[in-house]
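These numbers come from the heavy atoms of this one structure, side chains and all, not from hydrogens, waters or symmetry mates. Every chain is numbered from 1, with letters handed out A, B, ... down the list of sequences. Because the structure is a prediction, the values reported are computed rather than measured.
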Amino acid sequence: MTSKELESRLKKLAYVLVGIFFILCARLWYMQIMNGDHYATLAEGNRIRRIPVTAPRGIFYDRNGKPLVSSRLSFTVSILPTSLTTNRDQVFRDLGAIIGMKQEEIAREVEKSADRPFEPVRLLRDASAEVITQIEERRLDLVGVIVEEMPVRSYKYGEFASHLFGYLGKISERELKEWKNEGYRMTDVVGKTGLERVYEKYLKGQDGGEQVEVDAAGRPIRLLGFADPIPGNDLVLTIDQKTQQAAEKALDDQLSAMAKSKYPNAKAGAVVVLSVKTGQVLAMASKPGYDPNSFVGGISSEELEAMLQNPYHPFTSRALQVAEPPGSIFKLVTATAALELGKVTLHDKFYCTGKDRYGKKCWKVGGHGEENLVEGIKNSCNIVFYELGRRVGIDELARYAKMYGLGKPTGFELPGEKAGLVPDREWKRENFKRADNKVWYEAETMDVAIGQGALQTTPLQMATVVSAVGNGGTVYRPYVVQKVVSPEGKELKSFEPVVNNQLQASTDTFAVLRQGMGAVTGIGGTAHSAFANFPIEVGGKTGTAQNSQGDDHAWFAGLAPLNDPEVAIIVFLEQGGAGGGFAAPVARKVLAAYFGVEQETKETKKEEAKPSKSNAEAQTPAAASVAAEEKKKIVSSQPKQEPKQQPKQQQAVVPPSSGQTAETKQGKEVPAEDQN
Amino acid sequence: MERRLAKYIDWGMLIAILALIAIGLVAIFSATHTNKGLNYGDPFYFMKRQLVSAVIGLGIGFFMLNFDHRSLGKLAWPIYYVSLALLAVVLVVGREVNGAKSWLYIGPFGMQVSELAKVGVIISLAQYLSQKEDLDTWRGLFGALLLVGAPMFLILLQPDFGTAMVFVGITFGMLFMAGAKPAHLWTLAGIGILLVLPLGYFFLLKPYQRMRLLIFLNPYQDARGFGYNIIQSMIAVGSGRLFGEGILRGRQGQLNFLPEHHTDFIFPVIAEETGFIGCMVVLGLFFYILWRILHVISESKELYSNLLCTGIFSMFLFHILINIGMTIGIMPITGIPLPFLSYGGSSLITNLISIALVLNVYVSRQKILF
């Protein structure tokens, strides 16, 4: 080979060298100079992780500022999909063994959020300390598994107003679609029923986030920035914790006691206590119920199935989602109509032999003998009210029932309220096919007059009726939320009493009704034994509604104190037999709790009972308003203090936008509001 | 002698080598000082070990300058057979690292025999080719191919595809320089691509190696698995932009998103921390060294010396192309180190010996003249 040839080959090698270096430089120029920003963004995405920090939901306070529902700190076991490595199956298996899930189940959950790999996939909410310890011990093996601290709902009193409060659950696909623009994410937990649902948008708050730098294994290296979560707004309810507690307990006790009585089918019931002068709900209990806490960690499908299969429907609120014949407590309505229309006076005498000339019977075999209207109420005599019904006629009777608000929902905040039914001629015409069934018969009028037949009311409706009797004819719309208060204590929304209807009836009429109700708890009355020696004078009316499906329903309606009623109560026991026997004692316990009088006073003499009665009487409007003023102070100061007890909340560093948020929220209508 | 050495040695090349080693030491420190799982709690662990290898390599290199490189040529056949023997032994008693049986341990000292074998084969092939007159025929080429084929085959059995490919690069460079017909070389390349590559691919490579080899065409096809390395590497290189994130401040490397970032993926660490400018410095140094080797070849009058330097030139060029190319997504991942920069004693010492040979050729040229 000549040296010239060598020279030429050497040159070619040099070309190759230059060529290769040119390619490398060009590629580096392309990547670093032309696309550097793109790669830098990718690098940021790599190392910076946004960890959402769930905002604590708003707190529910009772009317005295006692927290009923709040949030506590819990641990959630999650997987960060971006941090998973090739041994993910092993991790899933090991983690599954700790948290009690199958490997495939975990894989499926992770797959579901494949399009959001930077968001943690939450597997086990409210994990026990034991589980967390086990996970921490195996930290190095469980790559991609993280434990998040987050606030969860805490229902302080367990099964307590649970139908009112509702429960929480994972956001559904439909909800997510609908609420996406409002900042909801797939991992959110939202109110499913009750107030949790109706006030969802107020209660949720605004999630914060932490910007954390992580290494390749997903371990946080340092905090880069964070946005504090803004806690949800609080609800100040009209509920009185003590009264509610008493209602829950009295109902539970009575229903379990009845299992051994003549009425073993009594498994369900409701108590509603209203403030007579405002329509505020002081207590609302329904049985069977559930403990909303059991939904917090995610309820097991077996548990849920068992609840859904329960023939007594624990999710149904008996206070407003069930309408049944009210029985004799409807006689108050019949009496109102008769008195107002002048069809009866206190001087009118009735004679009950146990049955009337139409063959209709009184509940008392042998009859009540001679009675006037007050005595008729006291005895709950059917013969008297058959006669009154006949005199008034169905048209007027139905008109008065509707004036009391029956036959349509009261407009209470919670969804699913039943309208009930006030039957009349028109109803028969429209709902029956055969010509002879389309006709209204007088016997039907008489049935309605004693609260039977096709008549249907909810306990809540009857509570508004009794309230109206107590306050002289004002039918209030019952409500349970007084105020929505922002975490800073700003009142976002407040609710005043709403009058559904004002009955045009004389005060005398209501005085007579109350006189009758007083007689019911007096000597010889149908609820006398239940209220014997009760320190406060209670007016009552018992009801025993025939039930074609089983045993009679027991009802009791009460007003207390009778001379200037403050509260109205309805006790309803499905298949509970006679109202006087089983429903009235429940009412006594609840009223005792409300007025703060002890049951032990049973044995004390009337003289000794008097002071406590006059105490109760001292709750005159003036005194009451002073007390209310004080309560208000407690309530308004409470929300400010409470969040500090929330462990996960940072020192209320509120971004300037929060004011706007509050305003926009104020402008928004809560779904339930739209229903009227 | 020392004086003459000082006078005739290629100081520019030596300084370039030392500069690369220094850059490598900093990059290795940057890549490993926070990784406590790897460095046994000593941030300087890898840096120190690399420094020791550099000192050993430089020592051997300077020692070799005392002898005429042509004396090694006379030992070509013993060197060749020792290389083969080592490659055979490692298959039996070698330790498996990253799926390839490539490490031979003698007591606590381990080495990657294929690294040393590269130099051995270059020496033997240079000697062999310098004696051949009929390289412009197929017959003449056949012997050379056989000579390279044997060690290559043993290396493929480990299996270490990357190093085997380096042999191909070396052989082509040397054959070309030795006077083989370009048409023959093209034909060989064609046969290699159409026949040998598919065979080796299917019969010698483990499935993961096959996957690794082709994933660079579309790394996002398996972004969490085999594509991960490429994606992370490219992110590191690209995010360096013009000036880099600063030394010790490259996020991809420091947070361990980059795998193997003190060995095969050292270049992205440098690229991320020093940016395009740093990359140009490194490539400039490499280019300068390779350019100087070509200069040495042009100055040298002996065919053996020419071929020896051509082999070393080809080896470096191939390593640089494959390694940097892999980190910027234009070459398959084959796991061969970047000369003077990647952590690894066997590689560094072998490279320093190679440079010593080149310098030796340069120095002996002067000898002849005087």
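When side chains are defined from C-beta on, M13(B) counts as touching V358(B), because their heavy atoms get closer than 4.5 Å. Looking at heavy atoms from C-beta onward, M177(B) lies out of side-chain contact with L129(B) at the 4.5 angstrom threshold. Side-chain contact check for E272(B) versus S239(B): some heavy-atom pair is nearer than 4.5 Å.
Interface summary for chain A: among G275(B), S314(B), G325(B), the most heavy-atom pairs under 4.5 angstrom belong to G275(B). Put simply, of I330(B), I328(B), L294(B), the one with the most heavy-atom pairs under 4.5 Å next to chain A is I328(B). Contact count versus chain A (heavy atoms, under 4.5 Å) is highest, among L321(B), V237(B), I320(B), L242(B), for V237(B). Counting heavy-atom pairs closer than 4.5 Å to chain A, the top-ranked of the candidates A180(B), P182(B), S298(B) is A180(B).
When heavy atoms are compared at a cutoff of 4.5 Å, T310(B) approaches chain A solely by way of its side chain, counted from C-beta outward. Contacts of F243(B) with chain A are absent, with no heavy-atom separation under 4.5 Å from either backbone or side chain. In this structure, chain A has heavy atoms under 4.5 Å from both the backbone and the side chain of A271(B). For a residue to count as touching a neighbouring chain, one of its non-hydrogen atoms must lie under 4.5 Å from one of that chain's; by this rule F286(B) touches chain A with backbone and side chain alike. Contact of D136(B) with chain A is not made at all, since no heavy-atom distance falls under 4.5 Å. The part of I20(A) that comes within reach of chain B is its side chain, from C-beta onward, which places non-hydrogen atoms under 4.5 angstrom from that chain. With a 4.5 angstrom heavy-atom cutoff, E133(B) does not touch chain A via any of its atoms. The part of M280(B) that comes within reach of chain A is its side chain, from C-beta onward, which places non-hydrogen atoms under 4.5 angstrom from that chain.
Classified by interplanar angle (parallel below 30°, tilted 30° to 60°, perpendicular above 60°), the ring pair W179(A)/Y184(A) is tilted.
A salt bridge does not link K170(A) with D188(A): none of the charged nitrogens is closer than 4.0 Å to a carboxylate oxygen.
The closest side-chain donor-acceptor pair between R93(A) and Q103(A) falls under 3.5 angstrom.
You'll find the ring centres of F316(B) and F340(B) inside the 6.0 Å limit.
Proximity of a side-chain donor or acceptor of H33(B) to a complementary backbone N or O of S30(B) within less than 3.5 Å is detected.
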